[in-house]
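Structure, as structure tokens:
Excluded from the calculations below are hydrogen atoms, water molecules and symmetry mates; all remaining heavy atoms, backbone and side chain alike, are included. Reminder, nothing fancy here: chain letters follow the sequence lines and each chain counts from 1.
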2 protein chains.
Amino acid sequence: MLGAAVSVFLSTFENKVDRKGRVSVPSSFRNVLSQQRSTGIILYPSFKHPCIEGSGDERIHEIVSSIDAIDVFSDEAENLQTILADAKQISVDSDGRVILPHEFVLHAGISDLASFVGLGKSFQIWSPKNFSIHRQRNRLRAREQGATLRIISSSTEGT
Amino acid sequence: MLGAAVSVFLSTFENKVDRKGRVSVPSSFRNVLSQQRSTGIILYPSFKHPCIEGSGDERIHEIVSSIDAIDVFSDEAENLQTILADAKQISVDSDGRVILPHEFVLHAGISDLASFVGLGKSFQIWSPKNFSIHRQRNRLRAREQGATLRIISSSTEGT
DNA sequence: ATATTGTCCATAAAATTCCATATTTTCCCT
DNA sequence: AGGGAAAATATGGAATTTTATGGACAATAT
């Protein structure tokens, strides 16, 4: 275990998917999950991208309360409810591995490698090939939209 | 180290990278980090230069809160998440050393020496050769542009 | 039965801890 | 101020632990 314990999902890890569909959850992600007292991980297909969205069950509670907070019959509420309907709770075995549900694997185009991508409070699981395309596109856009960097540097200013 | 306890990353230090990829973090940098209560350091590849960007780990929390402050599905949020996906948290061992991640070493063209360059609130890690080129270019440009520099005085400085 | 799931063991690679040493720097004493 | 003991640094290497990953086996469900 890494001495440093930042409690957010960080960095990208590429792990192998074996013949039985098992794949190791990166150990630093497992640490974040255990800090959240998550019994397992929650997975659901992304509707924006060909990837799997993942988080501890903390995140699901947030989504549930968001739904409560908005109009029950609004489109937004329905979108969020779709997430819940599609989500699955997956248990992590004693060696730190999970089995990715078959439908999700198809949705993400994953075969024998899976990229776990840390996004702070949540993470994504991609096929490495799709992820590198996505990443490249994001980098280009981030460069065009200089605003991003401004936000960061202004919040550092305090210190 | 008792010296001048300046709480910003300052000056440049060239340290050896051993066979295992370990390199000592300059002790004055370590002092800054411990003052910031950083348990480790955050590293990520620079978009602008062939070098590694570094800072204390509080920066990650700033980025995560920036993400929280905006719409989860926006481009803006994704831009910021890209930074998290590329960043790594590295722990500093009891002897004050870190292991530079292989991808970052490649990006920066580092082999057996690494230059730690203090930039105030953050720092960079360069291969000494690339850094000297970079510095030279910066100096030339500064001279051509007349090196204007506006100093913002802090509130305590009166006048 | 047959396929799927969960538990357990084995192992190689990588990371972390621990120890050793040479060189400085700091500090104290006379 | 100078000498030297003590602490701090940068660096090398060894020992130990953690990970990721593959396979065997029993338990379950279809």
Side-chain angles (χ1 to χ4, degrees), chain A residues 1-6 9-35 39-41 43 54 88-106 110-118 123 125 128, chain B residues 1-6 9-35 38-43 57 88-106 110-118 123 125 128:
Chain A
M1 197 234 276
L2 220 62
V6 178
F9 299 105
L10 202 65
S11 183
T12 297
F13 302 86
E14 191 176 303
N15 287 342
K16 279 189 190 168
V17 180
D18 72 14
R19 232 173 314 170
K20 293 167 72 176
R22 294 179 301 186
V23 59
S24 290
V25 177
S27 90
S28 70
F29 284 23
R30 291 192 320 250
N31 291 333
V32 178
L33 291 168
S34 75
Q35 246 183 334
T39 52
I41 63 178
L43 300 182
K88 292 198 175 187
Q89 181 167 34
I90 307 297
S91 63
V92 180
D93 73 20
S94 56
D95 297 316
R97 287 182 284 197
V98 293
I99 295 183
L100 302 176
H102 191 58
E103 324 90 83
F104 295 177
V105 165
L106 288 183
I110 290 170
S111 57
D112 58 342
L113 284 173
S115 292
F116 285 76
V117 182
F123 58 91
I125 308 175
Chain B
M1 199 272 202
L2 296 184
V6 182
F9 299 107
L10 206 62
S11 179
T12 297
F13 303 86
E14 190 175 304
N15 287 342
K16 277 191 191 168
V17 180
D18 72 15
R19 232 174 316 169
K20 292 165 71 179
R22 291 181 303 187
V23 59
S24 290
V25 176
S27 91
S28 70
F29 283 24
R30 292 194 317 252
N31 290 332
V32 177
L33 291 167
S34 74
Q35 243 181 340
S38 256
T39 51
I41 63 179
I42 300 292
L43 299 181
D57 52 26
K88 288 205 176 198
Q89 196 195 28
I90 306 296
S91 62
V92 180
D93 72 22
S94 56
D95 298 318
R97 288 182 283 196
V98 293
I99 296 185
L100 300 178
H102 189 59
E103 323 89 84
F104 295 177
V105 165
L106 288 182
I110 290 170
S111 56
D112 57 342
L113 283 173
S115 292
F116 285 76
V117 182
F123 58 91
I125 307 175

To the closest 0.5 Å, what do you measure between CG (A/Leu33) and OG (A/Ser27)? 11.0 Å
Looking at five pairs on each end of the helix from C/dA1-D/dT30 to C/dT30-D/dA1, what is the angle between the two axes, given to 10 degrees? 40°
A/Val98 meets the side chain to side chain contact (heavy atoms under 4.5 Å, CB included) criterion, sequence neighbours left out, with A/Val23, A/Val25, A/Ile41, A/Ile90, A/Val92, A/Leu100
Which value, rounded to the nearest 0.5 Å, describes the distance between B/Asp95 atom CG and B/Asp93 atom CG? 5.0 Å
Once you round to the nearest 0.5 Å, how far does CD of B/Gln89 lie from CG of B/Asp57? 5.0 Å
Starting at CG of A/Asn15 and ending at P of D/dT19, how long is that distance when rounded to a whole Å? 12 Å
Could you work out which one of D/dT21, D/dT19, D/dG13 sits closest to the side chain of A/Arg30? D/dT19
Which residues pass the side chain to side chain donor-acceptor pair (under 3.5 Å) test with A/Ser11, not counting sequence neighbours? none
Any residue meeting side chain to side chain donor-acceptor pair (under 3.5 Å) with B/Lys16, in chain and number order, not counting sequence neighbours: none
Going 5' to 3' through nucleotides 8-14 of chain C and flagging B where a protein heavy-atom sits under 4.0 Å of the base, S where only the sugar-phosphate is that close, and - otherwise, we get BB-----
Return the set of residues passing ring-ring contact (aromatic ring centres under 6.0 Å, His included) with B/Phe29 (not counting sequence neighbours), or none when no residue passes. B/Phe9, B/Phe13, B/Phe123
Set of side chain to side chain donor-acceptor pair (under 3.5 Å) partners for A/Glu14, sequence neighbours left out: none
Does a side-chain N or O of A/Ser27 approach OP1 or OP2 of D/dT19 to a distance below 4.0 Å, or not? yes
Is there a residue in residues 98-106 of chain B whose heavy atoms reach under 4.0 Å of DNA chain D, and which residues are they? none
Quick one: B/Asp18 CG to C/dT17 P, roughly how many Å, whole number? 16 Å
Could you work out which one of D/dT9, C/dG6, D/dG22 sits closest to the side chain of A/Ser91? C/dG6
Going by the rule salt bridge (Lys or Arg N to Asp or Glu O under 4.0 Å), which residues pair with B/Asp112 if we only count those two or more places apart in sequence or in a different chain? none
Any donor-acceptor pair, under 3.5 Å, between the side chain of A/Lys20 and the base of D/dG22, if you only look at N and O atoms? no
Rounded to whole Å, please give me the gap between CG in A/Asp112 and C1' in D/dT21. 13 Å
Using whole Å, what does the distance between atom C1' of nucleotide D/dT9 and atom CZ of B/Phe29 come to? 15 Å
Distance, rounded to the nearest Å, where B/Phe13 contributes CZ and C/dT23 contributes C1': 17 Å
Which part of the nucleic acid, if any, lies within reach of B/Val25 when heavy atoms closer than 4.0 Å are counted: base, sugar-phosphate only, or nothing? sugar-phosphate
Tell me every residue that passes side chain to side chain donor-acceptor pair (under 3.5 Å) with A/Asp18, counting only those two or more places apart in sequence or in another chain. A/Arg22
Partner residues of B/Lys20 under the salt bridge (Lys or Arg N to Asp or Glu O under 4.0 Å) criterion, sequence neighbours left out: none
